[in-house]
Structures are given as C-alpha cells and as structure tokens.
Undergrad: 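Here it is, the structure, as structure tokens.
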Protein chains: 2
Amino acid sequence: METPVETTRERLLNVAEQRFGEGGYEGTSLRAITVAAAANIAAVNYHFGSKEALLRAAVARAMAPVNTERRRRLDQLEAGGAPTPEELIRAFIEPGLELVLRRGERGAVVARFIGRIAFDPSRRIRELYAAESDPIESRYLAALQRALPQASPDAVAFGYMNMLGLLALHQSQALSPTPGAAGVANTANPVNTEDPGKLAENLVAFLVAAFDRGLRA
Amino acid sequence: METPVETTRERLLNVAEQRFGEGGYEGTSLRAITVAAAANIAAVNYHFGSKEALLRAAVARAMAPVNTERRRRLDQLEAGGAPTPEELIRAFIEPGLELVLRRGERGAVVARFIGRIAFDPSRRIRELYAAESDPIESRYLAALQRALPQASPDAVAFGYMNMLGLLALHQSQALSPTPGAAGVANTANPVNTEDPGKLAENLVAFLVAAFDRGLRA
DNA sequence: CTCCATTTCAAACGACCGTTTGAACTATGC
DNA sequence: GCATAGTTCAAACGGTCGTTTGAAATGGAG
C-alpha cells in the first residue's frame, strides 16, 4: 500500500494543535512547534504567513467537523418538530466531546486544543475562536429560546454561555486535574477519564437540569 | 489625614493582578508590570525573587479574604445543623463573586485575575492556584456529599468541579464577551454586567438545579 | 555626623522570540 | 536535456524576555 506521508503543512497543524493545547498560544514558541514537526522555522511563515495565522488555520481545521455535525443535528431536530431542551443540549455537547474524544489519542489532543483556545487569556485569541464557532450560535440560541418559552432571552443566553464554558473546560481537561497533584478528590478519580461517552452523559444531565429549573425568569 | 502611600511592593502586586488578569501569565512581561507600577525592573526580583514568585504572592493575597470568608460561612453552616445544597453552593459562590466584585474597580480586577489564573493554559500555573484554594476543598466536598446522600462521590466531585469552573469563568468575565465583537447575544447584553449580586443569584440558581437533579447516581 | 541596613537604579547578561532573506533543493512539464 | 514553480534550508535580523550586577540613593539608630 502506498503511504500518503503527511505534508509539512499537515505536520505543522498537528503539532500546533498539541502544543497550543498544552501551553497556550503565548506559552508555545514556533521553534518548539517546528522542531517537533521536523520542519524548518521558516516553514510556518511560508505555509501560513505568521504564528497567528497558523493558529487560525488550526482552529478552523479542528472546528470544521464539530460545526458540521452540530449543523446536521440541528437541521435534523428542527425538521422533526419542536426539539426539547435536552435534545438541543445533546446536539451541542456531544459533537464537542464525542466526535473529538472518540478517536484515540489525537481526538483528545484536538479537544484540549479547542477547549484551551476558546478561553485563552488573550482577548484577541478568544475572538479568533469565537469567529469560528459563531455561525451556528444564533441558531442554537433561537432554538433554545423556543424550547424554553418561560425563560427570558437573557436567561437563555446566560445558560448558553454556561454550557459553552463548561464544555470548553471539560474538553481542555482542566477539570480533570493531574493525578499526583493537590486537586479535587485525589482519593477517587472522577468517572469520566476513561469513557468520554460517560462524561457526555454526565454533562448533559447536569446542564439539562440547570436549563429546565435553574434559569430565572 | 495622612496618606499611607503604597509601597513599591504593593504597587507591584496591584499592577500584577491587573496585567496577569488581562493578558495571562505568559502574555505579560515584567517590564510591562514594572513600568505601569512606576518601579524599576529589578524591583520584582528584589521584593519577590522571580516572576513566578510575584504571581504566587499575588494569588495568595487575592485568595486570602475569599478563603477566610468561605471558611467562616462553612463553620457557621455546619454549626447550625445539616446545610442544604443551596446553602453550601451559596457559601462557595458568593465569596468568590461578591466579596471581590462588590468593591468598585479594583474588585473586578481581582476577580478577573483569580478567574484567569485558575484556568491558565500552563499546568504549572493552575497547580499554583489550586494549592492556594485547596485547604477548604475537601471540607466542601464532604459537606456536599452529606447534603446529597443520593449522589455518588464521583458525581459530587463532578458537580463541584463544574461549580468551580463556572465561577472562575464568570470571575474572569470570559463569559461576558466584548460588546462590539461577534459573540453571544450582542443584540441584548446579559443581565449580569451591572449588578454582581444578580449574577450571583443567577449562578446559584443554575447550580442548585444542576446539583439537585442533574447528578447521576 | 557616622554607620548600616534597606531600597532603588541604570545597565548589561545570555537566551529566546517571531520574522525575513536568499540560496539550495525537489519535482514536474516541456 | 532545460526551464520553472514549489518547497526547504541555514543563517541572520532586530527585539524582547527574565534575571543579575554593582553602585547610588535613602533613612532611621547610635
């Protein structure tokens, strides 16, 4: 069989995903990325133009399948009548956790990358991410509003932001602290580390309860 | 009245809070801090020893009143019998939001600083923060477990981590995106920007519902 | 005033940063 | 074969990074 070897461009994107996800944008140097990708320093500016353009390309590539799947689910739900809050929450959470975690090692890397960038300390980086996930946001907000007519638009937006934030934190694995360090419940490891599906179920249940009964009028 | 002028050490801590909260640890240089604090570059290493030690000192100073208030509330609740989940959640959230937001401009700066550092991209920084908020963590977990006997320890820990994460995100104002940019609900600004008390109420209600009915057995 | 510990200062250290350059290499079409 | 477009390369660019140095300023105690 012929092995379609990864191009330099692809290797740069893969390593960028991993390193940016581990150390953040500011905390990761182009030299660290290019060395790990077995590429020359100048390759970044040749293929992408700048460090930030590399990040933008990596975000776009990582988010594309998630956005596609979310759109597909939303289309499907709305075609079938009035979706419940749980269906909508599931359609948002699961593509973020499963589609990306359910692929062995690389999936976890992509998830951590997305989760970290979404709440990077730099406003510039956060907006860069927001622009990528923006298109479907208003659709979800409108659908949630219809599914929760008793909640005010502000309350729905509040719930949506909480959902978005919690998803990002779980994606980035920031809520599953290091085993050896001083963290939460180091006596018993949380449920979710082995099975991303179980984490998705737990998170959906948590959010459904909060949306159904935790939004102030 | 005599004006006890701020010492260089205090000015450095104040500016560090602000800049680290805005740009993150890696994204903020000591030169930017010392210039804004009208101090010499060498002052950081003289008063603290290193950049990381400056951060550690800032975290400790910022967290001290929050930890004290949380301990006080927990003592009071446990002295009065078996606290409800809502009382426990309130005792955790409110010190984080009010005690720190309800102080004009500087309170918001401190809140953003804490919220950002708690989920900094660098694991090293996150652990530095975790060590500071660790002491009361096990007390809260145990109290929550007693208040929610039907939930498994894993589920309680899961809920606690979600609470901690959501609090940090709201503290850092990462969930109240920039007004002009492409973000959630730029048609109507969320409720919470003007009144931190209202945000606390919304967040507590959200979490109480999630804890009461959203934790899987 | 002298002494001494504390604090501030300008200047420099080596290291690393993102980016650019221009030549060398590679592969494909003619 | 040669020409050509695409890609990779070592090397260097000017800047900024955290940290260190040693001297100058400061200010209370004797």
Side-chain angles (χ1 to χ4, degrees), chain A residues 2-59 61 113 116-117 120-125 127-128, chain B residues 2-59 61 113 116-117 120-125 127-128:
Chain A
E2 35 178 79
T3 46
V5 284
E6 285 177 327
T7 65
T8 298
R9 196 187 142 89
E10 288 167 338
R11 271 179 291 131
L12 284 174
L13 286 172
N14 292 341
V15 174
E17 261 174 359
Q18 180 207 327
R19 297 303 176 100
F20 283 150
E22 288 173 357
Y25 179 74
E26 297 281 359
T28 304
S29 72
L30 286 186
R31 280 174 174 81
I33 291 176
T34 51
V35 165
N40 189 275
I41 260 283
V44 170
N45 283 286
Y46 174 75
H47 286 285
F48 301 96
S50 70
K51 184 185 183 183
E52 184 172 318
L54 167 63
L55 173 65
R56 187 163 25 241
V59 169
R61 194 188 68 162
F113 169 65
R116 281 254 186 277
I117 294 306
D120 187 272
S122 160
R123 165 180 309 207
R124 179 174 191 75
I125 306 300
E127 289 177 354
L128 186 151
Chain B
E2 35 178 79
T3 46
V5 285
E6 285 178 327
T7 66
T8 298
R9 194 188 143 89
E10 288 166 338
R11 271 179 290 128
L12 284 174
L13 286 173
N14 291 342
V15 175
E17 261 174 358
Q18 181 206 327
R19 298 304 176 100
F20 283 150
E22 288 173 357
Y25 179 74
E26 296 282 358
T28 304
S29 73
L30 286 185
R31 279 174 176 82
I33 292 176
T34 51
V35 165
N40 189 275
I41 260 284
V44 170
N45 283 287
Y46 174 76
H47 286 285
F48 301 96
S50 70
K51 183 184 183 185
E52 185 171 318
L54 167 63
L55 173 65
R56 186 161 27 241
V59 169
R61 194 187 69 161
F113 169 65
R116 280 253 188 279
I117 295 305
D120 188 271
S122 160
R123 165 179 309 204
R124 179 173 192 77
I125 306 300
E127 288 175 355
L128 185 150

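Throughout, a chain's letter reflects where its sequence line sits, starting with A, and its residues are numbered from 1.
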Undergrad: Go through the steps for F48(A) and L13(A) under the test side-chain contact (heavy atoms from CB on, under 4.5 Å), then give the verdict.
TA: CA-CA 10 Å; F48(A) 301 96; L13(A) 286 172; 3.8 Å; yes
Undergrad: Rounded to whole Å, how long is the line connecting atom CD of E6(A) with atom P of dT7(D)?
TA: 16 Å
Undergrad: Using a 4.0 Å cut-off on protein heavy atoms (strictly under), produce a 5'-to-3' string for nucleotides 7-19 of chain C with B for base contact, S for backbone-only sugar-phosphate contact, and - for none.
TA: BBBB-B----BBB
Undergrad: With sequence neighbours excluded, tell me which residues meet side-chain contact (heavy atoms from CB on, under 4.5 Å) with A43(B).
TA: T8(B), L12(B), A39(B), H47(B)
Undergrad: Kindly write out the residues that satisfy side-chain contact (heavy atoms from CB on, under 4.5 Å) with A38(B), not counting sequence neighbours, or none if the list is empty.
TA: R11(B)
Undergrad: Show which side-chain atoms of residues 21-35 of chain B pair as donor or acceptor with protein atoms under 3.5 Å away, not counting sequence neighbours.
TA:
from   : atom 1 : to     : atom 2 : distance (Å)
E22(B) : OE2    : Q18(B) : NE2    : 3.4
Y25(B) : OH     : E52(B) : N      : 3.1
T28(B) : OG1    : R19(B) : O      : 3.1
T28(B) : OG1    : G24(B) : O      : 2.8
S29(B) : OG     : A32(B) : N      : 3.1
T34(B) : OG1    : L30(B) : O      : 2.9
T34(B) : OG1    : R31(B) : O      : 3.1

Undergrad: Under the side-chain contact (heavy atoms from CB on, under 4.5 Å) rule, what do R61(A) and N14(A) come out as? Steps first, then yes or no, please.
TA: CA-CA 10 Å; R61(A) 194 188 68 162; N14(A) 292 341; 2.7 Å; yes
